[in-house]
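See below for the structure under consideration.
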Amino acid sequence: MSLGEYIHMRRKYLKLTQEELSKKVFVSKSAIAKWETNRGVPDRDNMLRLAEVLGTSISELYRFIDQMDNCEIGRGEINITTEVIALLESHGYKVIKEK
């Protein structure tokens, strides 16, 4: 399961629309849609708020990011911020930037 699928599943379980979740996390509805379709990942602050709203741990969310390394999603297609890269690297991940 990808991070996007997990966000989608938890949102549906909590009976929230993308718009309702976006208001609770303080992001746009399009940000939620982007995360749920694996076209991006939340930055550190959004990841923390997302974990709180979804009733899960930030560690659980990072577990899904770790799994994304082993799937076909994102080979140069996921656009993540420098803050997320720094956070991943601080947790021991090696971020490789493909050209």
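- Pairing each heavy atom of Val25 with each of Arg49, the nearest pair is O-NE, 2.8 Å.
- Taking OH of Tyr6 as the reference point, atom CG of Asn38 lies at 14.5 Å (rounded to 0.5 Å).
- The residues Glu20 and Arg11 are annotated as not salt-bridged, no charged nitrogen and carboxylate oxygen being separated by less than 4.0 angstrom.
- A donor-acceptor pair shorter than 3.5 Å can be found between the side chains of Ser30 and Ser28.
- Residues Leu48 and Leu21 share a hydrophobic cluster, clusters being chains of Ile/Leu/Val/Met/Phe/Trp/Tyr side chains in contact below 4.5 Å.
- Residues Ala33 and Thr37 approach most closely at O-OG1, 2.8 Å, considering heavy atoms.
- Between Ile58 and Glu52, the closest side-chain pair of non-hydrogen atoms is not below 4.5 Å.
- Atom OG of Ser22 is separated from atom CH2 of Trp35 by 9.0 Å, given to the nearest 0.5 angstrom.
- The distance from atom CD1 of Ile7 to atom CD of Gln18, rounded to the nearest 0.5 Å, is 10.5 Å.
- Here OG1 of Thr17 is found 5.5 Å from CD of Glu19. Values are rounded to the nearest 0.5 Å.
- To the nearest 0.5 angstrom, Leu54 atom CG is 12.0 Å from His8 atom NE2.
- Judged purely by distance below 3.5 Å, without hydrogens or angles, the side chains of Ser57 and Tyr62 never pair a donor atom with an acceptor atom.
- Hydrophobic cluster membership differs between Phe26 and Val53, with clusters built from Ile, Leu, Val, Met, Phe, Trp and Tyr side chains linked at under 4.5 angstrom.
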Q: Starting from the C-alpha separation in whole Å, work towards a yes-or-no answer on salt bridge (charged side-chain N to carboxylate O under 4.0 Å, His left out) for Arg63 and Glu60.
A: CA-CA 5 Å; Arg63 184 175 66 82; Glu60 182 72 2; 2.6 Å; yes
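- Once rounded to the nearest 0.5 Å, the distance linking CG of Asp45 with CG of Leu50 reads 12.0 Å.
- Under a hydrophobic clustering in which Ile, Leu, Val, Met, Phe, Trp and Tyr are joined whenever their side-chain heavy atoms come within less than 4.5 Å, directly or via other members, Leu14 and Met9 fall into the same cluster.
- Judged by distance alone, the side chain of Glu5 and the main-chain N or O of Ser2 form a donor-acceptor pair under 3.5 Å.
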